[in-house]
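Numbered from 1 within each chain, the chains take letters A, B, ... in sequence-line order. Not measured: the values here are computed from a predicted model.
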There are 2 protein chains.
Amino acid sequence: MNSKKNAPADALDTFARFLQDRGLRMTRDRRAIIRQVFEVHAHFTMDDLFIALRLKGERLSKTTLYRNLPLLVESGLIRRVPGESSDGRFEHVLGHPHHDHLICLECGREIEFSCTDLETAQDNICRRYGFHPVWHRLGIWGYCRRCRARRSVKPKER
Amino acid sequence: MNSKKNAPADALDTFARFLQDRGLRMTRDRRAIIRQVFEVHAHFTMDDLFIALRLKGERLSKTTLYRNLPLLVESGLIRRVPGESSDGRFEHVLGHPHHDHLICLECGREIEFSCTDLETAQDNICRRYGFHPVWHRLGIWGYCRRCRARRSVKPKER
DNA sequence: TCCTTATTGCGACTGGTTTCCATTACCAAC
DNA sequence: GTTGGTAATGGAAACCAGTCGCAATAAGGA
């Protein structure tokens with residue numbers, strides 16, 4: 001029952017331990033932040049989080065977020081999403097399996113995928129360079145099936 | 001003589017064409033920017049570029065850089081260096097073939113590599129999704145050989 | 001419950017980037 | 001070469017995300 005299923009509660013425990021180890025305190029705001037972060041399975045910005053929490057009736061300030069997200073990162077519960085276009089975005093780590101993205105330049109849609117061949121090729125590269133990988137991020141930009149179809153109808157466009 | 005060897009001149013031509021196509025003008029400042037960018041084979045920030053140009057006696061303003069670098073990016077001559085830690089950095093593209101990055105979380109070093117298996121795997125993915133790729137970007141974060149060696153000396157660390 | 005000290009909110013502040021607008025300079029047409 | 005329409009530019013002001021200082025608040029161990 002206290003298994004992996006309850007990510008928010010697990011994360012709360014982990015964070016509580018992390019705080020205690022460093023003589024910091026668990027507060028209402030911190031609890032709310034953790035809960036929110038692990039309830040939603042998507043990337044988020046400071047502002048996303050702020051708005052979501054305010055909508056839930058939490059009265060914390062942005063300053064508090066700016067002060068606490070670095071702690072969450074340090075604790076390993078969340079991480080900044082690497083990659084230029086995802087500047088200022090975070091994602092939680094527990095229960096968020098790895099995936100990469102196809103991003104459509106026309107409609108902006110992001111398609112998630114994962115591919116073992118890709119992972120294998122990456123492992124090979126890392127081995128070749130004596131590099132110990134921790135995580136990676138691959139984005140492929142281009143045109144999705146839907147937009148290509150639409151395009152082919154009026155090929156003169158552009 | 002007018003071969004690939006002269007990157008700055010080639011880039012200047014390319015950019016001139018790019019500008020003309022959009023009804024924009026080639027100016028002294030733009031020429032100076034291109035020349036500088038293609039003379040130096042290294043990542044650079046707005047400020048690096050500004051200082052370098054000023055040292056060369058150019059009297060352009062930062063505003064001009066902020067206005068023109070996006071054009072260079074659009075023209076494909078330079079690109080923003082991906083990766084969180086290299087926020088705000090650019091690199092030129094001509095004579096800088098496609099590559100991906102291994103980024104060390106400890107020392108920050110970026111190792112460039114390219115790998116056909118990886119490209120192949122990506123092509124397969126795209127085919128599977130009916131996606132037409134235009135470009136991609138892969139970053140692998142982890143620990144480089146050097147830092148791992150240093151670490152293994154004091155294995156209790158972490 | 002008390003008391004120490006971490007946490008918080010607010011407003012001021014910062015550094016990087018963008019915008020405004022008056023002036024300058026391209027460059028195509030004469 | 002001169003002219004005219006319009007893009008480009010510089011400098012200052014505005015903007016914005018993120019940070020800091022400080023007084024008030026609230027964890028949580030004694």
According to side-chain hydrogen bond (donor to acceptor under 3.5 Å, both in side chains), who are the partners of [X], at least two apart in sequence or on a separate chain?
X	answer
A:D123	none
A:Q20	none
A:R17	none
B:R22	B:E74

Length of the [atom1]-[atom2] vector between [X] and [N], whole Å:
X	N	atom1	atom2	value
B:R28	C:dC26	CZ	P	9 Å
A:R30	C:dG9	CZ	P	11 Å
A:M26	C:dT8	CE	C1'	16 Å

Residues 46-57 of chain A, side-chain donor-acceptor partners within the protein, below 3.5 Å, at least two apart:
residue	atom	partner	partner atom	Å
A:D47	OD1	A:K62	NZ	2.7
A:D48	OD1	A:T45	OG1	3.2
A:D48	OD2	A:T45	N	2.8
A:D48	OD2	A:T45	OG1	3.2
A:R54	NE	A:L60	O	3.0
A:R54	NH2	A:L60	O	2.9
A:K56	NZ	A:Q36	OE1	2.9
A:K56	NZ	A:E39	OE1	2.5

- Query: Heavy atoms under 4.0 Å, any strand shown: does B:D29 hit a base, just sugar-phosphate, or nothing?
  - Reply: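 Contact class for B:D29: sugar-phosphate only.
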- Query: Which pairs, with at least one residue in residues 24-34 of chain B and sequence neighbours excluded, count as a salt bridge (Lys or Arg N to Asp or Glu O under 4.0 Å)?
  - Reply: B:R28-B:E58
- Walking along DNA chain D from 5' to 3', note the first and the last nucleotide with an atom under 4.0 Å from a heavy atom of chain B, and give both.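 That gives a stretch of D:dG5 to D:dA12.
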- Note on the structure: ring pair (Phe, Tyr, Trp, His ring centres under 6.0 Å) filter on A:H132, not counting sequence neighbours, yields none
- Bend angle of the helix from C:dT1-D:dA30 to C:dC30-D:dG1 from five-pair axes at both ends, rounded to 10°? 30°
- Query: Among residues 60-75 of chain B, which contact DNA chain C at a heavy-atom distance under 4.0 Å?
  - Reply: B:T63, B:Y66, B:R67
Using the 3.5 Å cut-off, write out each protein N or O paired with an N or O of nucleotides 28-30 of chain C and the distance between them.
none

- Task: Please identify each residue that fulfils side chain to side chain contact (heavy atoms under 4.5 Å, CB included) with B:S61, with sequence neighbours left out.
- Result: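 Residues passing side chain to side chain contact (heavy atoms under 4.5 Å, CB included) with B:S61: B:T63, B:T64.
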